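The next block holds one structure in the form of structure tokens; read it before the comments.
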Amino acid sequence: MIRYGWTKVTLLYDTNLNLKLLQPILQHTAAASSGFIINLKQLKPEEDEDYRGVLKEIVANEGENIVLSCDLEILFTVLNQAQQIGIVTGKQNWILTNLDAHTADLSPFKYDYTNFTLFRLIDPGNPFVYRILGEIVEEEIRMGRSLDFVDFSGGLKLDAALIYDGVHLLAAALGQLSNVQELQLQSLSCEDSSTQFWKHGSSIVNYMRATILPGITGPIRFDSYGQRTDFQLEVLQLLEEHGVVKVGNWVEGDGFNITGYHLESKPEPSTINPMFNKSLTVTTIFNDPYTMLKEDTKLLVGNERYEGFIPDMVHILSTILQFNYTLRIVEDGQYGSYDANTGRWNGMIGEVLTGEADMVVADLSITTSRAAAVEFSMPWMNLGISIIYQKPKKAAPSLLSFMLPFSDGVWIAMLAAFILVAFLTFFIGRFSPNEWFNPNFCILEPKEVETQWTFCNSVWHTVGALMQQGTEFCPVALSTRFLVGVFYFFTLIIVSSYTANLAASLTAEMLERPIENAEDLAKQTEIKYGVVYCGSTCNFFKTSTFNTYSTMWKFMSDNKDEVMVGSNKEGVEKVEAGGYAFMMEDAGIQYIVERRCSLAQIGGNLDTKGYGIATRPGSGFKDLLDSAILKMQENGDFHKLKNKWWKQKRGGGQCLQSASASVTKLDLANLGGIFLVTLLGCGLAGLVCILELIWGCYQDSQEFGTPWGFEIKQRIEFAYRCSSFGRKGRMASMRYKNESRMTSEGLSESSIDEPPKTGGVKRRNSYHIHYPGW
Ligand code: GLU
């Protein structure tokens, strides 16, 4: 409005949201010097989409400059009715604020000589936007879906474009975050009123804010408040001959710039796709199953000579990006490393840099140093370094194989549980008054009482319980029964677990595993190990500061001639010959173990990286290759190719025997619970025993009129000293059951404490205690 020099303007809006869009104009005019007249009107249909009433008021006010802020759905109707009442003529200037206004059919108004100004966020003339739009339209047609989100000029509607860019930004942020931490998915309900949230949410938002991406709506970039910055709007006008055309642009910060109209021509294919129709040289390297020589009875020439994952992949890329290619095998047989002495790169990287080849498509790892020299596409396969070695051999049967079901910890814990329960049975049996009973039922007032819980009996009873055999004597008191009951339960669980795991371990093959991971390799020197000299795996060890890997590198470099090899094939042959482990990328290992059944991958991956396509910096191929790789991933091409070259062709699937089951020892983590239950049971049994003791002594004190404390003291003293205890006029001797040796050792009657009287209740005959020992 300022640029057009308007001083009087009518602002037309339909909804509150569209009024809000006009707010900056209102604020500006309020602040500006006087003389700026604003006429604000809401478009309210009088009946069934009839806005003529409001529009007539504009005629009455002689409004010539009109800003229309309304939804796309009513835009055409409003303009149509405005035309009918005569305010779409050569005298009026209209500004349409809706960023999708150019997608409405404005052709009926182009002969009215009205000055219409429109804005849009999408620039369909931009090669990037043009290519993406083409792909989207193609895809939608292929899927038979409607194209109603596409506007007349072949662009997208704003919502669709923003969603497209938003999803790509989210994908990019997720990709970056997953490179630094493992993302765990979590189900969250939107209805859930709880305060649950996804722990990665805020990190993803931060990554989204920090990411800069090319998008359909221009470069996607945010300020620290999360507001889109650095975007620009195209300024459009409606012309009689050409309809809606671009006449300039509005750039944030720079403002409005009208350059005059130019017609948007379809961009040249070569500006959209610099690879279009070009003949490119693709360098690669022999490595099964990536690139191999084709076996044929005929003499083959050109690209026909090669087969494998890479030739197939290059073929698909060439159809997507429409280029011609010649495959070339790298001359020096190297992947590419930097020689500090000559200051040059060798191998495939060197060939791309010198211009002998246009790109490298091979199992070439993306590394920081290589990425500084050449331009890499996004990774098309992810992998890591791992160890290949001979399959574990069958171990000779062991004499101690009966120990296998449990770990050492469980065996020790079992022994401890056994000792604890044996001792507790002995002590509780002694302390609990209910375990002492009259050996002769004919004598009403016995001189002797006896218990069955000698130390030997206690141990033997516990052995019987553990072996699930039992003994002929049984606990009588509640405390001992409780204790023994818990131990029976313990035994039940332990014996069942042992039996189940023993059966499994006897049927499973025991395997000898001399090495299980890189640490095992580093610790020994008997088994030699090496890598391809000197690809990315070799460089990984060379530059690693991690102790294990630097030790391994020292060994490998000291024995370079013996352990380093020229190719994976050579390394694998050395492994087969024996006494040698080879470190290579796990994708290659998977291929080999499918075919050479005596070999296996050992341990996990030592790192993570990806294979990428390398191109000369500035060639402009990177973006195209990225989008083609994405397309291949979406189509499942990589999956199909991997299946074909790994599992089907050239003897795949030879080693498909079912993996032999291995038995894992049950350890305390599996059985800890039952030990805990037993321990608790022991504690409870002790508690019950104390209650029994207290109750028994209370009854005695009532019966004999002695103080209760005295009774407790007497009983504990007896149980503790394992010596006689007695009192005149009360019990007879106490002895263990089945004791044949009945001597009168122990306390003589004279040495027995005379209990203090508490108003005697009943007196027994004098008695002596006899304790025959254990
Ligand atoms: N892919 C590796 C590279 O690009 C070659 C093989 C290896 O080093 O294990 O250097």
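Reckoned from all heavy atoms, side chains included, excluding hydrogens, waters and symmetry mates. Indexing begins at 1, ligand by ligand and atom by atom, following the structure's order. If you read the sequence from its start, that first residue is 1, and numbering goes on from there. Here the structure is a predicted model, which means the values were calculated and not measured.
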**Report entry** Within reach of ligand 1, part of Q334 (heavy-atom separation under 4.0 Å)
**Finding:** neither
Report summary line: re atom 2 (C) of ligand 1, the protein heavy-atom contact at minimum distance is S536 OG, 3.3 Å
Query raised in the report: Is the closest side-chain donor-acceptor distance between D363 and Y335 under 3.5 Å?
Result: yes
**Report entry** Row check, Y580 ring normal vs K574 NZ/CZ: under 6.0 Å, within 45°
**Finding:** yes
**Report entry** Any N/O pair Y335/ligand 1 closer than 3.5 Å
**Finding:** no
Report summary line: If you scan protein heavy atoms around atom 6 (C) of ligand 1, the nearest is E585 OE1, 3.5 Å
Requested in this report: Check whether the side chains of D288 and W645 place a donor and an acceptor atom closer than 3.5 Å, and report yes or no.
Outcome: no
Requested in this report: Check each atom of ligand 1 against the heavy atoms of D363 and keep those under 4.0 Å away; list them by number with element.
Outcome: 1 (N), 2 (C), 4 (O)
Requested in this report: List the closest protein heavy-atom neighbour of atom 9 (O) of ligand 1: residue, atom name, distance to the nearest 0.1 Å.
Outcome: T537 OG1, 2.4 Å
Report task. Quick one: sort the F541 and Y549 rings into parallel, tilted or perpendicular, breaks at 30° and 60°. Result -> perpendicular
Requested in this report: Tell me yes or no: between the side chains of Q390 and S598, is some donor less than 3.5 Å from an acceptor?
Outcome: no
Query raised in the report: With atoms numbered from 1 as shown, which atoms in ligand 1 lie under 4.0 angstrom from a non-hydrogen atom of G535?
Result: 8 (O), 10 (O)
Query raised in the report: Does a donor on one side chain and an acceptor on the other come within less than 3.5 Å for Q601 and Y389?
Result: no
Report summary line: Taking only non-hydrogen atoms of L364 and a 4.0 Å limit, the atoms of ligand 1 in range are 4 (O)
Report summary line: Taking only non-hydrogen atoms of Y611 and a 4.0 Å limit, the atoms of ligand 1 in range are 1 (N)
Report task. Over 60° means perpendicular and under 30° means parallel, so classify the ring planes of H315 and Y325, tilted if in between. Result -> perpendicular
Query raised in the report: Quick check: does S365 get an N/O under 3.5 Å from an N/O on ligand 1?
Result: yes
Query raised in the report: Can D626 and S377 be counted as having a side-chain donor-acceptor contact under 3.5 angstrom?
Result: no
**Report entry** Contact with ligand 1 for M583, non-hydrogen, under 4.0 angstrom
**Finding:** no
